[in-house]
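So the structure is just underneath, and the comments pick up after that.
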Amino acid sequence: ENLGSLKLDVEKIALTEKKQRQKLSVILEAVAKCLQLEESQLKWNVESILAKDLLSTLHLLVAIAKHFEPTLALPPNVQVETITIETTSTGLKTSNAVEYITENKENIEAQSKDDAFDELFICAPDKLDAVKKVLLQFVDQHVGKLGLNVNDIESQFSDGVILLLIIGQLEGYFLNLRNFFLTPASTMEMV
């Protein structure tokens with residue numbers, strides 16, 4: 001009701017299983033309408049949610065999160081391996097399946113738009129030097145308060161130290177200098 005800005009005609013508390021089933025049915029119908037999904041697209045139903053099926057519940061939660069919080073960074077390629085055990089006349093029969101919870105990274109990257117820097121590289125590579133100069137001035141202004149001078153973005157940013165210091169300055173973090181190497185000599189020290 002809160003996320004979809006609608007009012008559902010259901011009891012606040014359903015005590016019997018029949019009432020719970022009716023209430024859940026109304027709620028899931030409203031969710032499907034809000035998410036604009038056809039019944040064939042739904043990976044959950046009243047029975048699976050009532051049975052506390054974790055996979056169905058997870059699909060429902062991810063669908064709601066993707067619809068109402070599209071900027072939420074859900075990790076791509078999340079998958080769950082399910083094992084189904086079935087009793088047959090000859091014994092137990094098992095089958096494995098992989099269920100995808102979030103989209104494949106390749107699909108997401110194909111759909112994602114270029115950010116401002118990608119656009120700059122593509123549309124106006126001649127303005128790249130001007131942007132670098134402005135960034136250099138910005139960084140130099142803030143780390144200058146620490147008594148540091150930044151002259152070259154490529155070489156001075158390559159080890160991550162200036163990046164840590166600028167984040168600390170901009171966000172007001174205290175950075176304990178013992179927690180990282182000010183002059184890292186190896187990749188391990190940079191990490």
Side-chain angles (χ1 to χ4, degrees), residues 1-5 31 34-35 37 43-44 49 52-83 96-191:
E1 286 182 338
N2 291 339
L3 290 174
S5 300
V31 167
C34 261
L35 302 181
L37 295 173
K43 296 181 180 180
W44 61 85
I49 299 294
K52 298 180 178 140
D53 180 71
L54 294 177
L55 206 52
S56 296
T57 306
L58 188 57
H59 277 299
L60 174 61
L61 292 174
V62 168
I64 290 171
K66 281 170 44 178
H67 182 78
F68 290 105
E69 288 290 334
T71 58
L72 184 66
L74 292 174
N77 300 326
V78 174
Q79 55 189 0
V80 175
E81 185 176 350
T82 59
I83 302 170
N96 294 8
V98 174
E99 185 80 22
Y100 289 93
I101 305 299
T102 60
E103 296 173 355
N104 285 343
K105 190 174 185 176
E106 294 79 32
N107 295 347
I108 293 169
E109 287 173 354
Q111 294 171 358
S112 68
K113 297 178 181 176
D114 292 335
D115 64 14
F117 285 103
D118 291 332
E119 290 288 327
L120 180 67
F121 289 130
I122 295 167
C123 300
D126 53 313
K127 295 185 179 168
L128 191 57
D129 288 331
V131 171
K132 280 184 182 179
K133 186 177 177 184
V134 170
L135 279 173
L136 189 61
Q137 289 171 348
F138 175 79
V139 170
D140 200 34
Q141 174 189 354
H142 289 283
V143 294
K145 297 172 187 172
L146 300 172
L148 297 171
N149 188 13
V150 180
N151 299 319
D152 183 27
I153 287 182
E154 273 128 35
S155 66
Q156 289 182 286
F157 267 76
S158 64
D159 60 11
V161 173
I162 297 293
L163 182 61
L164 284 174
L165 295 173
I166 191 78
I167 290 171
Q169 283 294 300
L170 293 174
E171 295 295 322
Y173 295 135
F174 170 75
L175 295 172
N176 188 341
L177 300 181
R178 292 183 185 170
N179 289 344
F180 63 96
F181 295 88
L182 274 173
T183 54
S186 67
T187 305
M188 191 61 194
E189 288 182 0
M190 288 180 202
V191 173

Closest contact, heavy atoms only, His59 versus Tyr100 = CE1-O, 3.3 Å

When rounded to the nearest 0.5 angstrom, what is the spacing between CG in Leu55 and NZ in Lys43?
-> 9.0 Å

Could you tell me the separation between the CG atom of Leu135 and the CD1 atom of Ile166, rounded to the nearest 0.5 Å?
-> 10.0 Å

List the atom of Asp140, the atom of Val150, and the distance in Å for their closest heavy-atom pair.
-> OD1-N, 2.9 Å

Taking every heavy atom of Cys34 against every heavy atom of Gly4, the minimum-distance pair comes out as SG-CA, 3.9 Å

Given the options Thr57, Ile64, Val62, Leu60 meets side-chain contact (heavy atoms from CB on, under 4.5 Å) only with Ile64

Contacts table for residues 171-191: side-chain donor-acceptor under 3.5 angstrom, sequence neighbours left out:
unit_1	atom_1	unit_2	atom_2	d
Asn176	OD1	Arg178	N	3.0
Ser186	OG	Glu189	N	3.3
Glu189	OE1	Ala185	N	2.6

Approximate separation, where rounding is to 0.5 Å, of Leu58 CG and Trp44 CH2 | 11.0 Å

Would you say the side-chain atoms of Ser56 pair up with the backbone N or O of Ile49, donor to acceptor, closer than 3.5 Å?
-> no

Interatomic distance, Lys132 atom NZ to Asp152 atom CG [nearest 0.5 angstrom] | 8.5 Å

Using a cut-off of 6.0 Å, state whether more than 12 heavy atoms not belonging to Leu54 lie near its atom CG.
-> no

Apply the test side-chain contact (heavy atoms from CB on, under 4.5 Å) to residues Leu170 and Phe138: give CA-CA distance (whole Å), side-chain angles for both, the deciding distance (0.1 Å), then the verdict.
-> CA-CA 11 Å; Leu170 293 174; Phe138 175 79; 3.8 Å; yes

So CG of Leu74 and NZ of Lys66: to nearest 0.5 Å the spacing works out to 7.5 Å

